[in-house]
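A short write-up of the structure that comes next.
Everything numeric here is computed off the predicted structure, so don't read it as measured data. Naming: A, B, ... by sequence-line order, numbering from 1 per chain.
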Amino acid sequence: MSTTQVKFYQVGSFAVGNRLLRDDERSVQSDPDRTNALTSGHRACQGCGEALGARYALDAAMRATNDQLIAVNATGCLEVFSTPYPESSWRVAWLHSLFGNAPAVATGVAAALKAKGNTTTRVVAQGGDGATVDIGLGPLSGMFERNDDVLYICYDNEAYMNTGVQRSGATPPAARTATTQAVGANPGNLFGQGKYLPKIAMAHDIPYVATATIADLRDLEAKVERAMSMRGARYLHVLVPCPLGWGSASADTIKIARLATQSGLFPVFEAVNGEVVASSKIRHRVPVDEYLKLQARYSHLFSPQRNDQVIDHLQRIADKNIERYELIISEGE
Amino acid sequence: MFQVRIHGRGGQGVVTAAELLAVAVFDGGKHAQAFPSFGSERTGAPVVAYCRISDHEIRAREPIMEPDVLIIQDASLIKQIDVFAGLQPRGYVIINSAESAEELQLADKIKVPHSLAILPATEIALTHLGRPVPNAVLLGAFSALTGVVPLEAVASAINEKFKPKIAAGNVAAATAAYEYVMNQVATHA
Amino acid sequence: MLRQVEGSKAVADAVAACQPEVICAYPISPQTHIVEGLSQLVKDGTLPNCEFINVESEFAAMSVAIGASATGARTYTATASQGLLYMVEAVYNASGLGLPIVMTVANRAIGGPINIWNDHSDSMSQRDSGWLQLYAENNQEAVDLHIQAFRIAEEMSMPVMVCMDGFILTHAYEQVDIPTTDEVKAFLPPFVPRQHLDPAEPVSIGAMVGPESFMEVKYLAHQRMIDSAAKVQEVAKDFEAHFGRKTGGLLRSYRTDGAETIVLALGSIIGTLKDVVDELNLDGKSIGVVGLTSFRPFPYEAVAAALKGAKRVIILEKAFSTGTGGIVTQDVARAIEGMGIKDFTVIAGLGGRPITIASLRNYLTNAMAENVERLTFLDLEIDTVEVEINKERALR
């Protein structure tokens with residue numbers, strides 16, 4: 001039987017219509033009986049990337065575990081906007097303890113379940129970049145080293161947003177924050193060697209590490225589901241633009257996430273036991289300018305004129321990512 | 001109340017000696033409280049351990065300043081620190097050494113009337129145990145010199161604490177020390 | 001069963017007899033032997049259905065305990081000194097979330113300068129945290145308090161610190177009767193949490209409480225702590241009924257009937273004080289001891305009743321508030337307000353300085369004649385410190 005390649009297009013996106021997919025291939029969000037783990041009524045900003053990412057991630061985790069899930073949350077935007085006592089947006093068993101201890105608390109939850117002989121209930125821990133990369137790094141590394149059965153999801157908006165947009169270990173070079181102002185000889189965050197958590201996670205040789213963004217929500221769901229099919233320590237790093245902190249239009253959140261991937265600044269890949277096994281290829285590569293231009297936290301790079309030196313440096317970082325993670329299919333591949 | 005102070009160096013089992021003594025006392029039906037003079041772990045540094053023995057519950061916990069018995073596991077300490085400080089008149093002194101009292105210059109150091117036993121405990125340990133650890137050995141000497149704890153209780157404490165092969169060696173060594181001291185006492189009587 | 005055993009080992013065996021489900025601890029002198037003992041019991045199967053987590057810091061230890069306890073597991077940890085301070089954020093979080101965690105604090109001085117020896121500065125620093133604090137007089141009481149602690153904690157939904165003097169008790173070999181698992185089971189029922197993380201009935205624990213409700217939440221915790229005094233007594237009484245000995249409870253009095261002077265203290269020094277007080281009484285002096293077991297909740301009424309009739313109370317403390325003086329003193333003073341009893345404070349044993357019978361005898365003899373300052377640091381090298389003080393003052 002011969003086959004014909006058929007291309008489906010929807011203007012402005014690369015999604016194929018859901019109605020053509022099997023039930024289990026459909027987005028969790030298409031299921032009217034989904035958990036709605038993070039339901040409406042929370043106090044997130046208009047266009048919040050984290051609220052979107054968390055809802056998709058936890059709904060996917062609930063489906064993957066047959067609703068047998070406990071979530072542990074670090075202090076941060078997600079926790080604050082979702083549980084203004086006496087209200088809570090969470091429709092899953094949920095615990096918030098402190099800022100720096102979400103991984104350790106999740107370890108404790110997993111240990112309790114194990115001690116009780118409960119092998120069905122699973123554990124997800126979540127926190128922002130500050131909680132994950134800085135203050136919680138010790139406990140996170142401990143969780144990795146012990147291979148505790150927890151999926152840790154980091155929602156990375158690249159600064160301490162809840163406290164007013166201060167710089168974190170995940171803040172990219174040149175970005176303006178409240179503690180790396182756009183003034184002086186080197187405006188914005190300094191160029192350092194960064195603290196790239198996905199690689200740190202991979203260095204622990206844990207079963208699964210992946211990056212994702214809210215621009216590709218089906219990909220995010222698939223990665224959560226894949227992660228929940230495994231046991232042991234797993235890490236998911238999700239880019240979630242923050243309109244307030246990044247100085248972008250609330251309608252641009254998803255677009256900006258896409259430009260982050262298409263420029264190469266945010267590589268999307270999966271790693272198993274410390275080795276990269278797959279990466280999402282860039283479909284329409286863009287220069288970093290396209291990504292930076294939409295965010296006021298980088299406006300000092302364009303005004304009064306384009307700061308060639310800095311932007312070129314950022315471009316080189318993107319180029320290096322593309323090479324390292326093989327994000328572009330070259331001719332003949 | 002009977003107060004025992006044990007001097008030695010880190011790594012010689014001084015703390016274990018006090019613990020063994022406490023267990024021996026307990027096995028003999030009395031109350032015992034044993035504890036070390038505490039410090040960070042360091043081989044070779046001077047170490048002190050204490051053991052109080054009584055027919056009644058022991059409540060006080062100060063370091064033993066006025067010992068009734070002194071056990072010196074390492075004779076090189078005699079020149080270094082005042083191991084005999086506070087020794088009670090008619091107290092007991094047990095020293096692990098192959099030298100004599102004169103050679104150790106004890107007359108200058110011990111100012112009160114006392115009963116003395118000097119024995120080559122390290123050598124006895126080497127003979128029966130194959131290792132130069134004199135702590136359990138010296139408890140055999142303690143039993144002989146003071147009579148406060150019977151040799152059987154020392155043996156039972158050793159058997160509780162150590163694995164069978166090492167315990168056997170220690171019991172043999174403690175017994176040898178017991179007999180050595182009994183002979184020494186008999187000779188001086 | 002009656003055994004001659006190291007304090008730490010006794011505690012490990014007692015905790016194991018309570019069948020905790022999660023143990024998570026980070027090593028710090030002088031608690032190490034407790035944790036090692038428990039690790040062995042879990043690993044060799046003596047303590048089954050228990051997860052022993054080797055955590056990477058004390059902060060992680062208390063955090064793991066929080067997660068485990070919130071999931072409905074009976075949870076235990078242990079620490080001291082610097083470790084306790086390192087986990088303080090989580091210590092407050094545990095009590096705020098109403099989690100019945102039991103923690104041994106092997107009392108040790110807080111640095112700087114670093115000091116590994118015993119005093120009470122560590123647990124005293126957490127007196128406002130909402131944890132109960134029970135202090136053991138000897139290793140038998142240390143054993144018994146841990147067993148009582150699990151029951152108190154779980155029935156109150158409050159965490160409990162069992163404090164035992166580092167080295168002095170943890171590393172002392174003495175006679176203890178350690179109940180078996182079955183004996184403990186008859187006294188300590190399985191843990192039924194007030195609420196826990198359960199996918200079948202999801203709740204959100206740890207919401208953000210704003211100014212409109214925070215005072216009420218905190219007031220409830222305050223009231224609960226006050227109410228826990230009755231629970232401490234009730235559990236101690238039931239313990240006596242089960243095991244035949246009087247340990248735990250709020251406080252105990254020794255030779256205080258008609259005593260003109262009463263010494264009040266916490267922890268292992270009570271034993272030494274009893275011996276000193278016996279000597280002094282033989283000498284015709286009128287002096288007794290009140291040993292305080294429960295520091296939090298502070299038993300104001302019981303202390304007032306115990307000190308009634310005395311002319312003066314000497315509070316012996318192993319910690320102090322810098323620039324101020326005694327800590328326990330402040331609570332005692334409040335308890336005896338208006339009763340016409342004078343109070344004197346003696347700070348002793350800081351950083352493990354041995355407290356000798358001789359120096360206690362000397363101090364107390366003077367104290368009975370009120371021939372002491374209101375605040376004394378026992379056995380202080382006055383000459384040395386005076387030189388230093390004058391030097392510093394001259395420089396300023």
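Of all the listed residues (C:Asn54, C:Leu97, C:Thr75), the one sharing the greatest number of non-hydrogen pairs under 4.5 Å with chain A is C:Asn54. Chain A forms the most heavy-atom pairs under 4.5 Å with one residue out of C:Ser63, C:Ala60, C:Ala68, and that residue is C:Ser63. Heavy-atom pairs under 4.5 Å with chain A were tallied for C:Asp198, C:Val22, C:Asn93; the largest tally goes to C:Asn93.
Ring-plane geometry between A:His237 and A:Tyr196 is classed as tilted, the angle between the planes lying from 30 to 60 degrees on a 0 to 90 degree scale. Ring geometry for A:Trp90 versus A:Trp94: interplanar angle under 30°, hence parallel rather than tilted (30 to 60°). Ring-plane geometry between A:His42 and A:Phe81 is classed as tilted, the angle between the planes lying from 30 to 60 degrees on a 0 to 90 degree scale.
Looking at A:Glu79, only its side chain comes within 4.5 Å of chain C, counting heavy atoms on both sides. Only the backbone of C:Val203 comes within less than 4.5 Å of a heavy atom of chain A; no side-chain atom from C-beta onward does. Contacts of C:Ile53 with chain A are made by side-chain atoms alone, with heavy-atom separations under 4.5 Å and no backbone atom involved. Residue contact with chain A, scored on non-hydrogen atoms closer than 4.5 Å, is absent for C:Ala94. Neither the backbone nor the side chain of A:Ala106 comes within contact range of chain C, judged by heavy atoms closer than 4.5 Å. Neither the backbone nor the side chain of C:Ser57 comes within less than 4.5 Å of any heavy atom in chain A. Using a 4.5 Å cut-off between heavy atoms, C:Glu212 contacts chain A through its side chain alone, with no backbone atom that close. Both the backbone and the side chain of A:Pro139 come within contact range of chain C, each with at least one heavy atom under 4.5 Å from a heavy atom of that chain. For A:Thr121, the part sitting under 4.5 Å from any heavy atom of chain C is the side chain, from C-beta outward, and nothing else.
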Show your reasoning for whether side-chain contact (heavy atoms from CB on, under 4.5 Å) applies to A:Asn101 and A:Ile135. CA-CA 8 Å; A:Asn101 72 356; A:Ile135 196 171; over 6 Å; no
As a quick check of understanding, evaluate side-chain contact (heavy atoms from CB on, under 4.5 Å) for C:Thr104 and C:Gln31, giving each step before the final call. CA-CA 8 Å; C:Thr104 309; C:Gln31 144 269 47; over 6 Å; no
From CA spacing to verdict: side-chain contact (heavy atoms from CB on, under 4.5 Å), A:Ile200, A:Tyr235: CA-CA 10 Å; A:Ile200 294 174; A:Tyr235 180 77; over 6 Å; no
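Between A:Glu221 and A:Ser27, the side chains place a donor N or O and an acceptor N or O closer than 3.5 Å (distance only, hydrogens not considered). No hydrogens or angles considered: a donor-acceptor pair under 3.5 Å links the side chains of C:Asn107 and C:Ser123. Under the 3.5 Å distance criterion, with hydrogens and angles disregarded, no donor-acceptor pair is assigned to the side chains of C:Gln126 and C:Arg296.
Using non-hydrogen atoms only and a strict 4.5 Å limit, the part of residues 67-77 of chain A facing chain C consists of A:Asp67, A:Gln68, A:Leu69, A:Ile70.
Put simply, the side chain of C:Pro199 does not reach to within 4.5 Å of the side chain of A:Val92, judged on heavy atoms.
Under the side-chain hydrogen bond (donor to acceptor under 3.5 Å, both in side chains) rule, A:Tyr160 has a single partner from A:Thr177, A:Asp134, A:Asp129, which is A:Asp134.
Looking at every heavy atom in both residues, C:Gly67 comes nearest to A:Val109 through O-CG2, 3.4 Å.
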